[in-house]
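Read through the structure below, which is laid out as C-alpha cells, and then see the notes.
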Amino acid sequence: MDPYEIKHMIIDDQFDGEEFVTADFTHNHRDYSITFKKADLEIINAWLFVEHTSIPANLSSTLIESIRQDIKNQI
C-alpha cells in the first residue's frame with residue numbers, strides 16, 4: 001500500500017448528540033478528508049479535494065482500515 005500522511009485531525013465532541021473524528025490526509029500527492037463516528041470508527045464520508053472542489057473519494061478498504069487504526073491509536 002502506498003503511504004499516506006495525516007495532516008490534521010478534528011474531534012467533534014457532542015456535535016448534534018454524536019461525536020465524530022475527521023482526518024485530513026495526503027495519499028499519492030492528493031488531499032483527502034475522511035470522517036468516522038468516534039464511538040465505533042464507522043466511516044461516515046470521505047472526500048477527495050480537486051481544483052477548489054471536493055468529490056466523493058473512492059478509497060480502498062486497506063487504506064481506510066489503516067487510517068482507522070491510526071486514529072484509534074491517537075484518541
Side-chain angles (χ1 to χ4, degrees):
M1 178 181 72
D2 293 329
Y4 64 90
E5 181 180 359
I6 295 177
K7 299 287 188 175
H8 301 96
M9 187 168 65
I10 300 168
I11 300 173
D12 295 327
D13 292 328
Q14 300 175 352
F15 176 76
D16 198 26
E18 293 191 65
E19 296 177 335
F20 298 95
V21 178
T22 300
D24 296 334
F25 66 98
T26 57
H27 176 63
N28 290 335
H29 307 289
R30 291 181 157 181
D31 295 321
Y32 293 87
S33 180
I34 189 167
T35 301
F36 297 93
K37 282 186 182 179
K38 185 179 175 189
D40 59 6
L41 295 179
E42 175 187 344
I43 189 169
I44 301 299
N45 59 45
W47 299 99
L48 167 63
F49 300 106
V50 180
E51 297 183 19
H52 309 293
T53 191
S54 59
I55 58 175
N58 184 14
L59 302 171
S60 71
S61 59
T62 304
L63 179 61
I64 292 169
E65 188 57 33
S66 182
I67 294 168
R68 182 180 283 129
Q69 288 303 315
D70 281 351
I71 289 172
K72 187 176 183 178
N73 292 337
Q74 292 184 39
I75 59 173

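This structure is a prediction, so every number in the text was calculated from the model and none was measured.
- Taking the side chain as every heavy atom from C-beta outward, Phe25 and Glu5 never approach each other to under 4.5 Å.
- For the salt bridge (Lys or Arg N to Asp or Glu O under 4.0 Å) test, no residue two or more places apart in sequence or in another chain qualifies with Glu51.
- One finds the NE2 atom of His27 at 10.0 Å from the OG atom of Ser66 (value rounded to the nearest 0.5 Å).
- Of all heavy-atom pairs spanning Ile67 and Phe36, the tightest one is CG2-CE1, 4.1 Å.
- Taking OG from Ser61 and CD1 from Ile43, the interatomic distance works out to 10.5 Å, rounded to the nearest 0.5 Å.
- Distance alone, capped at 3.5 Å, places no donor-acceptor pair between the His8 side chain and the Ala23 backbone.
- For the pair Glu19 and Ile11, the minimum side-chain heavy-atom distance is 4.5 Å or more.
- Applying the side-chain contact (heavy atoms from CB on, under 4.5 Å) test to Asn58 and every residue at least two apart in sequence or in another chain returns nothing.
- Between Ala57 and Leu48, the shortest heavy-atom distance links the atoms CB-N, 3.8 Å.
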Hey, can you pull the donor-acceptor pairs under 3.5 Å for the side chains in residues 68-75, sequence neighbours left out?
residue: Arg68; atom: NE; partner: Leu41; partner atom: O; Å: 2.8
residue: Arg68; atom: NH1; partner: Glu65; partner atom: OE1; Å: 2.7
residue: Arg68; atom: NH2; partner: Leu41; partner atom: O; Å: 3.3
residue: Gln69; atom: NE2; partner: Glu65; partner atom: OE2; Å: 3.1
residue: Asp70; atom: OD2; partner: Tyr4; partner atom: OH; Å: 2.4
residue: Asn73; atom: ND2; partner: Gln69; partner atom: O; Å: 3.2

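- Taking Thr22 as the reference, Thr35 meet the side chain to side chain donor-acceptor pair (under 3.5 Å) condition, with sequence neighbours excluded.
- For the atom pair CG of Leu63 and CD1 of Ile34, the computed distance is 7.0 Å after rounding to the nearest 0.5 Å.
- For residues 24-35, there are no salt bridge (Lys or Arg N to Asp or Glu O under 4.0 Å) pairs, not counting sequence neighbours.
- Within the structure, no pair that satisfies the ring pair (Phe, Tyr, Trp, His ring centres under 6.0 Å) test touches residues 38-75, not counting sequence neighbours.
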